[in-house]
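Written below as structure tokens is the structure these notes are about.
Computation of the quantities below employed the complete heavy-atom set of this structure, encompassing side-chain atoms and omitting hydrogens, waters and symmetry-equivalent molecules. Reminder, nothing fancy here: chain letters follow the sequence lines and each chain counts from 1.
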Amino acid sequence: MAVSLLNVKLLRDIYQSRWQFIAVIVVVMLGISFYQSAWMSYRNIGASYELYYDMLRFADFEITLNEAPDTIGRRLRQVPGITSVQPRIVSEVELEMPVVDAREVVARIISLPDSGRAAVNDVTVLEGRYLGPAHKREVLVEQSFAEHHSLRVGDYVHPVVDGEVTDLRIVGLALSPEYIYAIQSKQYLMPTPSTFGAFWMRRGQAERLLGMSGMVNNVCGRAEERQRDRVMTTAHVMLGRYGAEEPVPREKQPSNYLLQMDLAGYRHMAVFFPLLFLVCASLTIYTLLVRIVNSQRGQIGFLRASGMSVQALTWHYLYYALLCGALGGLLGVIAGIYMSLALTRYYLSFLAIPVIHNPMHWPTVALGLAAGVFSCGIAGYFSSRRVALLDPAVALREEVAAVGRRPLIERLLPVLGRLSFYWRIPLRNIFRNRRRTLYTAAGIAMAVSLILVSLAIRDAMFDSIDTYIEEIQRYDLQAALIPAQTASVGFHVAQWPGVRKAETTLALPVELHRGERIVNTVLVGLEPGSHLQTLVSPEGRPVQVHGSAMLMSAANRKKLGVETGDVIRLAFALNDEETNIEAPVRVGEIIRQPVGSYVYLPAATVRRIFERDLGLPRGAVTTLMVLGEPDHLNMIKEKLYKVPNVAAVEDARETRAQLTEMLEMSMGFIVMMIMLGAGLALAIIYNTVSINIVERTRELASMRAMGMARRTVGMLITVENLLVGVLGLVGGIPLGYVLNQVMIASWENEIMQFQAVIFPASYLTTVIAIILTILLSQIPGIRQLNRVDLAAATKVTSG
Amino acid sequence: MAAGSDSVQLDKVSKTYDMGQVQVRALRDVELTIPAGEFAVFLGPSGSGKTTLMNIIGGLDSPTSGQVIVSGHDLTGLTEDQLTEYRRADVGFVFQFYNLVPTLTARENVQLIADLVNSPQDPVELLQSVGLGAHLEHFPSQLSGGEQQRVAIVRALVKRPKLLLADEPTGNLDQETSTEVLGVIHDMARRENTTVIMVTHDETIARDAGMIVRLLSGSVASIEGDRNSPPSG
């Protein structure tokens, strides 16, 4: 019965401070919904990929051949453990486009069976229809390529094979599990729809187009999971006579590899931020409960004096916390489920994946609820333990009003003592009750750090792009030269009108070995003192290539497990029976690489290692970088295409647009984070500020009773809250800074490496948001104060 | 009251508070015996040690040295749980600031404490007996100071404690209400033969007490009306 009356008290206490209770629930709800939505969408995006892979029978492995009769399919099907095989033609041709950029575009022709659908690596038609009979000149175009080049169903594309142009009618825009990210090869870090597209056609059509009658040059297959490695090895051996390359397992398939990397980055955010939110929620609840316990110390003292056990009272306050946790957790789980659906849809629509797999993941739901109850329970436990620690004899005494005196700051700066009382009273108040000030400032600091970290994620992404484009890759255009040319091409282009500078590099695909660890990357041989490709240290200091020290990013060093001075083995990535180029190199200092994972050596060193064995011309170069006058860039670009052996031209403006587009995919998550961060900040500040006013009702009512106008009292509160807000900002900004450092340091991404930066605009946004929130948060408290019965409030307390 | 049965016995009770660099001696070798059913008043100026003494008798605080025996229980050396049990079964408290739970009604405030023991008095009857029958479902904020204090007294006595400890119960009330509240304490204590110890610095309140213990600087300065020892001083 005693417990039930305590429960009645609990419910009425909650009703009396319902807005604070609701705000605490909102804090928990936001934390849990964030966890729920982030984790569930992370899982469901992955599950949707898998579902799509299964639906379209995505290959477990793929083997590229020189040429083989199409009967190899029948033979491969006999291999134990193999479940399906698709022999096909995969060949790259030049595509003539009805625009000036025509010669840069590479079309990868992929054959599909003449009848029925592909047993492995099928396609989804997103628009239009599937291919008709093989005699029709029809083609399916990968959707991102079509979108980039504004190609529609009914349009024609013109592949050029052996100098002959063919017309193919686009009957559909398609997506395939192989080209969710339409990446040309593993050397490319991102889709390049401007220069590369996948095209599917009937096998008969492909045979005619490419002159491969009855032949195939690619096999993809699916195998029983446990036997996959053995199946790949067997297939590789069987196909050895047809020049089979190393099988590419699913996890190394470029599109899937990038998707998994992307998902891993998402996973990081899905863990780190919800955890941060929950810690903030937990600390907020702790400070609130401590203040509630303090405000009821007289009651607690009496109940203890009357023989009520510490356990009964501890549980009473713990119930409050657990109720917050359970209700907040439940609402958070429900909100999280809907948000996860929206996020999953957002992501999948970005990649044009037409299926969505959004099952209810009960362990995540259970964990969300448990996290809500647990985080509040912990906060409740520590705060209600204060009941046990509260000596009843002490609790029964009226809390001695904190002594009012000149604070240290006023003694140090006597000028503050001459301020108007609007400033002096609030200033002294915040120093008078240091604990209260500390709790309020701590709550605000949490809110500050949340908003700041959320904004800083965006900053880190854009900083990476800016640094990459403006400080490291300083060229406007970069032409790829195939085969390698001599450096004279640079001198020649430098003379063109509108060209401010032209430089060359020698870039080669390489493997870096250190024990068992291997990193596949591109080695760039850079001329010392290069202006168009500069290297910087993580601190932003210029770094020059020299000697045989290989410069690489921290991410590559980590993957290899090496430090400056270590020796690693450098090998040509396309080594085979005829070519075997290897050389030991020493690891040089760390460079910052916001995008990509290239490694650098002086061009002379690269030539010394590779030139002779690869039969390269003396002073070989493979890329030409150009810095031009802005109004000449298009013209220079056109002229570059006309230079012999220019295979492709990269435009820095397009790279920036592509990188930005890639980051936009993460924006949904970041926008959600910023909104939740702001919501959480609002709830935290509302709680801390409103309880601050409630705690001082008597004191503030006394001022009113003495004749001070409502507006004046309101002003005093506002000034005090803003001063505490400043303290919160002073504490929260470094906290946010440190949290951001921790987060960025643990965030790994294959394509982009981020550095912890916070733009001044983000600091400013945070400060403005916090001040506005403080001003808004105190409105209900001040209104309540204005309604208070002055006679009753100025009497002694009854609790 | 059973003749000769002592409710409270204090033997050389001292209390020292360690305030960091300073040690404050709140009580010095207090020797005191209060018979069962007595209405005793601790009288003295602020800082004389009266509340400390009351808290030690009530099991809210423990002496630094000396022995405290209440209703046959030796309080010295009791654990926190044993002290809680002692307070629950044997002691009722009334305070100057009432300490009612603001979110419970008058009846519920009393019921909350009644539920702690096995055979309490009926909260409603008790509240009616002090003239609060019409205010049973009123919240503390809806009651006057005198009414709140009457609820507090009923709440303290509803468990049938052997000992009622009241710390300045009228300190917050006007003269008329004080008299009324003191009357209630007297009547109810007499009805249940409860030993009452009241702490006050108001000489007029002490007039109706059976025993007046004057404290000064932590020592017993005099005891008036003590049936066991001759008045000192």
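Annotation: the span from B:Thr103 atom OG1 to A:Ile14 atom CD1 amounts to 10.0 Å, rounded to 0.5 Å.
Within residues 75-88 of chain B, the residues having any heavy atom less than 4.5 Å from a heavy atom of chain A are, in residue-number order, B:Glu80, B:Thr84, B:Arg87, B:Arg88.
Other residues, nucleotides and ligands contribute more than 12 heavy atoms inside 6.0 Å of the CD atom of B:Glu137. Heavy atoms from other residues, nucleotides or ligands lying under 6.0 Å from CZ of B:Arg25 number more than 12. Counting heavy-atom neighbours within 6.0 Å of A:Arg18 CZ, excluding the residue itself, gives a total above 12. Crowding of B:His201 atom NE2: a count of heavy atoms from other residues, nucleotides or ligands under 6.0 Å not exceeding 12. More than 12 heavy atoms of other shown residues, nucleotides or ligands fall within 6.0 angstrom of atom CZ in B:Phe139.
In summary, of the residues considered (B:Asn109, B:Val101, B:Asp115), a side-chain contact (heavy atoms from CB on, under 4.5 Å) with A:Leu5 occurs for B:Asp115 alone.
At least one test fails for A:Arg304 against the ring of B:Phe93: distance under 6.0 Å to the centre or angle within 45° of the axis.
Residues passing the side chain to side chain contact (heavy atoms under 4.5 Å, CB included) test with B:Ser62: none are found, sequence neighbours excluded.
With chain A as the partner, the residue from B:Ile113, B:Val91, B:Thr52 showing the most heavy-atom pairs under 4.5 Å is B:Ile113.
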Margin query: Under the criterion side chain to side chain contact (heavy atoms under 4.5 Å, CB included), I'd like the reasoning laid out for B:Leu104 against A:Gln299: C-alpha separation, chi angles, the key distance, then a yes or no.
Written below: CA-CA 11 Å; B:Leu104 294 182; A:Gln299 293 172 40; over 6 Å; no
Check: Do B:Leu112 and A:Met308 pass the side chain to side chain contact (heavy atoms under 4.5 Å, CB included) test, and can you show the C-alpha distance, the side-chain angles, and the key distance before you say yes or no?
Finding: CA-CA 10 Å; B:Leu112 180 70; A:Met308 192 168 278; 4.1 Å; yes
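Between A:Ser306 and B:Arg155, the closest side-chain pair of non-hydrogen atoms is not below 4.5 Å.
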